Number of protein chains: 2
Amino acid sequence: MAEPKNILFIMFDQLRFDYLSCAGHPHLHTPHIDWLASKGVRFTQCYVQSPVCGASRMSSYTGRYVSSHGASWNGVPLKVGEWTMGDHLRQLGMDALLLGKTHMRADAEGMRRLGLAPDSIIGARLSECGFDPIIRDDGLWAFGPDGAYDDQESPYNAFLRAEGYDADNPWHDYANAGIDNEGNIASGWLYENARRPANIREEDSETPWLTRQMIKFLEQDAPGRERPWMCHLSYIKPHWPYIVPAPYHDMYGPDSHKPVVRDARELENPHPIYVAFTDNAIGQAFRRDDVREAALGAYMGLIKQIDDQMGVLFKHLEASGQLDETMIVITSDHGDYMGDHWLGEKDLFHEPSVKVPLIVYDPSPAADATRGTVCDALVESIDLLPTFVEVAGGMPRMEMLEGYSLLPLLRNAKVTGPREFTISEYDYSVTPMAARLGVAPRDARLFMMRDARWKFIHAEGGFAPMLFDLDSDPDELIDLGRDPAYAAVRDACYDKLFSWARRPSQRTTVSDQQLIDRRGKSRRKGIVLGVNAADEIDAELLEKYQGKARQSHGE
Amino acid sequence: MAEPKNILFIMFDQLRFDYLSCAGHPHLHTPHIDWLASKGVRFTQCYVQSPVCGASRMSSYTGRYVSSHGASWNGVPLKVGEWTMGDHLRQLGMDALLLGKTHMRADAEGMRRLGLAPDSIIGARLSECGFDPIIRDDGLWAFGPDGAYDDQESPYNAFLRAEGYDADNPWHDYANAGIDNEGNIASGWLYENARRPANIREEDSETPWLTRQMIKFLEQDAPGRERPWMCHLSYIKPHWPYIVPAPYHDMYGPDSHKPVVRDARELENPHPIYVAFTDNAIGQAFRRDDVREAALGAYMGLIKQIDDQMGVLFKHLEASGQLDETMIVITSDHGDYMGDHWLGEKDLFHEPSVKVPLIVYDPSPAADATRGTVCDALVESIDLLPTFVEVAGGMPRMEMLEGYSLLPLLRNAKVTGPREFTISEYDYSVTPMAARLGVAPRDARLFMMRDARWKFIHAEGGFAPMLFDLDSDPDELIDLGRDPAYAAVRDACYDKLFSWARRPSQRTTVSDQQLIDRRGKSRRKGIVLGVNAADEIDAELLEKYQGKARQSHGE
């Protein structure tokens, strides 16, 4: 073992915290990810800063809360002024590379204001969330009557075409569709097709394709190899469309599914915002056993494929001697309800949505004491960037970064966690649920505060809060947000959320130490205040203000 | 009268709200400013967003609260990504010019990150807070044993030298010093010299000098004259050093001074933060009658000189026919305690510090109904920029701007004010008071919430709040912040501050309308969620996902 030189930052998309065998799934065996957990630390309480791709990722990439960086939903551009992983790490001599998805939209107007051409090096990095992309592929190559969802070119579609897959959009027609009994394309967008095998050779599907790109980078004398690198290997899966090629498509029948976590009490006198989400088409679909079973079978197959690909990747790292010099992180940008709480997708703050897996393997001998352990401290996605800064040999710039380095938790089993509570936010202003509730964009915002016992959700717009007692109700089935008996608990939760809301998140151009160093310094630069006569202070302070008057211009 | 084409945005520095005869001062006659008030609207409740120069000005120039733009004290660089007056107005075809002070420090590191050269047009504007400077002069050319307070070159010193004033630093030795009985320089930094006439020809002192520069701009065919302009005429006075040339130096003896507003009860069981400020050298000095009388005499003289110069300027505007096409604003960046509440300077939130004069003359016929009226609505310095945007013919971009245009108040006497409460903030982390209190930079922050009745001040760092009942105690002498009888009032005040703290201040890259317009749009771009089978939805939504499979790659 040696000190980590490089960082492999693996993010899956929509991977629940509890769908790994190391996290207790009884039927889904993930031996390769489990192996990494046995070599590192598995965090059981890692929360994303927003349960939606774009906002969550912008928090991971900036190390800041969503209301600090402002990119509060998919497609909200990240302000040009926000520093990203690349800014922090390149200053320390570490490259920041990208293989896969970021879901970042560039701040084109902000760049125009500053005269920054998108095809300059600086402009290109700003457009790519600070990464130097080896491959950028956001993985959703959807098309509808109004055109493409994503205006970029798909590197994955280019690959499939080069391999001979014949279609306008092979991403859909092969990687994300099967064939029905009449020989027609059976789209993976429809849950009824989720049990079919995707019409693609397994090795050409998205997860193995991206893994091969990563191995290619590790093998070749790539530009990034000269200097230490942090590579963000960012998979699109197991995100929908829910469909997977053989043999993964029929590995997980209903007998291997965990029981759905939902309760009739959740639908009695429910919170209006919760209702808006349970009543949408996704929530309604996932109430159906056939839909859940089909989607879950594919979802678990996608995870099994992921685990197998992790095996390929880890084996390569080990065989090439890179395991000892590479910190490896496995995490996700949010989870997936999969029918729990009468919901599909993500968006709200129940554990299946807002909690993610986090496994960190640190090759440093200093981390030997924690290998194979689990850590129950409350940690957040924004803790990764300060961790990486420390691995790169720097001091996290806490005037910008709002998380805490995980190194103390990785290298000292006895240390307590860095925070008393965790925060996540959700801006639903672009969703149909906001229209249905008649809520303006300013008010279509939710804030979660979760401490050791309580999960508290504040909703703007005059709604009551939601509250769950994680001690007595770990499955979060009973909303105490309007129960008079819990008024004092809610007040205490509000206090915590309020203290967070007042954090100085925008004082980013000066460090605490610089502020402290400035205390009282202006006096020795001639700002002499509070002094009536010269004999009250050190003569030195007035030396520039003395002498014979050379001229007289008075009355 | 005609619609305003240009905007003359005049800011004084450290001008109290109540030191004008139109605002009720019984002895200080300011007929020229009063004349402007008789032609426009005088706002009696205008609050700055921070009672310190730099932070207050950055709020005026960005239209955003201090914790939104982050430049929380003098010398904290304004982030390169923050839009300023120049950005908003130039898009609408209006120039943004500067004559005088901004107290802005450029974000040099942020500019380097983006490869922006300070000597490019964009870089120069970023360095000058978005203005095109005709003259930039921050007006504090202090020198001490550790060197210069301000590293820039002083245009005013260059002017004085050209006029033959012989000194290394004529700003200090002539404009801000007198001559003592032995013929020595008598520095204006020392209060004991405040009653002496400054050793300068009155017309060469700072206020007339800057006024002449403004008139020169109005007279000549300056570049900015082709297009509509907003010119920020930003005076350094009546800011300290307290000294003024003859004949203004001895116009205002103690008989003309307003009684000091302070009470022994303020020093009984006082709030520790208040104590830290009353106990500093400035507070201690202003307890002395001789200090207050000397400083106040000079301060009033400086204001009288200002008013005379306003007469010169307004006369020029009228004679040149520009009065009918120019909106004129008079305001300040904060006030001056002048011994009230046992304090000198500004910094805290009593009315003499945080409330400023605001007079707006709008030449539009639509404003005829309000001429010569006063408006008691709660307004803020950040309301100016949205007002200017409307004058320039635009719609304020409320995703960035946090104030409200004053045009409704200027053009409709019946309208109510835009807000229920006003907010001001103070970051004292660089002051010796923070060191004395042992407070970290994160905790050295104060927030004021003032509504129709209450002024409430929250202090970070575990301190109690402060509370004043402006109905029963308009002079703010009795701090109810720890009085058990007012717990419910404090809770209500906290609720207001909390709602403000949660505002979405960083979601600046997308407008509310854009968010609303996006609702539900992804479905027609092929993101088909919540659908089990094709017959459940409009066939059009699946048209890109159908057809015969061209190849089979399955098992």
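Every chain is numbered from 1 and lettered A, B, ... according to where its sequence line falls, protein lines coming before strand lines. This structure is a prediction, so every number in the text was calculated from the model and none was measured.
To the nearest 0.5 angstrom, A:Trp189 atom CH2 is 11.5 Å from B:Leu541 atom CG. The structure places CD of B:Gln546 at 9.0 Å from NE2 of A:His172, a figure rounded to the nearest 0.5 Å. With values rounded to the nearest 0.5 angstrom, A:Asp173 atom CG is found 14.0 Å from B:Lys548 atom NZ. Atom CD of A:Glu425 is separated from atom CZ of B:Arg502 by 11.5 Å, given to the nearest 0.5 angstrom. With rounding to the nearest 0.5 angstrom, the CD atom of B:Gln551 is 10.5 Å from the CD1 atom of A:Ile200. The OG atom of A:Ser522 lies 10.5 Å from the CG atom of B:Asp146; values are rounded to the nearest 0.5 Å.
At least one side-chain heavy atom of A:Leu497 sits under 4.5 Å from a side-chain heavy atom of B:Phe498. The closest side-chain heavy-atom distance from B:Tyr494 to A:Asp495 is not below 4.5 Å. Looking only at side-chain heavy atoms (C-beta outward), A:Trp83 and B:Glu109 come within less than 4.5 Å of each other. Between B:Pro441 and A:Arg519 there is a side-chain heavy-atom pair separated by less than 4.5 Å. Residues A:Leu190 and B:Leu542 are in side-chain contact: their nearest non-hydrogen atoms beyond the backbone lie under 4.5 Å apart.
Contacts of B:Asp150 with chain A are absent, with no heavy-atom separation under 4.5 Å from either backbone or side chain. With a 4.5 angstrom heavy-atom cutoff, B:Arg442 touches chain A via backbone and side-chain atoms both. Proximity to chain A (any heavy atom under 4.5 Å) is shown, for B:Gln514, by neither the backbone nor the side chain. Heavy atoms of B:Gln513 lying under 4.5 Å from chain A are absent altogether. Residue contact with chain A, scored on non-hydrogen atoms closer than 4.5 Å, involves the side chain of B:Leu126 exclusively. With a threshold of 4.5 angstrom between heavy atoms, B:Asp290 approaches chain A through side-chain atoms but not through N, CA, C or O.
Here B:Tyr149 pairs with nothing under the ring pair (Phe, Tyr, Trp, His ring centres under 6.0 Å) rule; sequence neighbours left out.
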Practice item. Please step through side-chain contact (heavy atoms from CB on, under 4.5 Å) for the pair B:Leu78 and A:Thr509, ending with a clear verdict. Key: CA-CA 7 Å; B:Leu78 182 70; A:Thr509 58; over 6 Å; no
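Using a distance-only test at 3.5 Å, with no hydrogens or angles considered, no donor-acceptor pair links the side chain of B:Gln506 to the main chain of A:Ser505. At distances below 3.5 Å, not a single donor-acceptor pair connects side-chain atoms of B:Tyr545 with backbone N or O atoms of A:Gly144.
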Donor-acceptor pairs under 3.5 angstrom involving side-chain atoms of residues 525-535 of chain A: please list them, not counting sequence neighbours.
{"unit_1": "A:Asn532", "atom_1": "OD1", "unit_2": "B:Glu192", "atom_2": "N", "d": "3.2"}

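The aromatic rings of A:His553 and B:Tyr165 sit tilted relative to each other, their planes meeting at an angle between 30° and 60°.
Of the listed residues B:Ser67, B:Gly81, B:Gly183, B:Ala285, the one with more heavy-atom pairs under 4.5 angstrom with chain A than any other is B:Gly183. Interface remark: of the candidates B:Glu82, B:Lys544, B:Arg507, B:Arg507 forms the most heavy-atom pairs closer than 4.5 Å to chain A.
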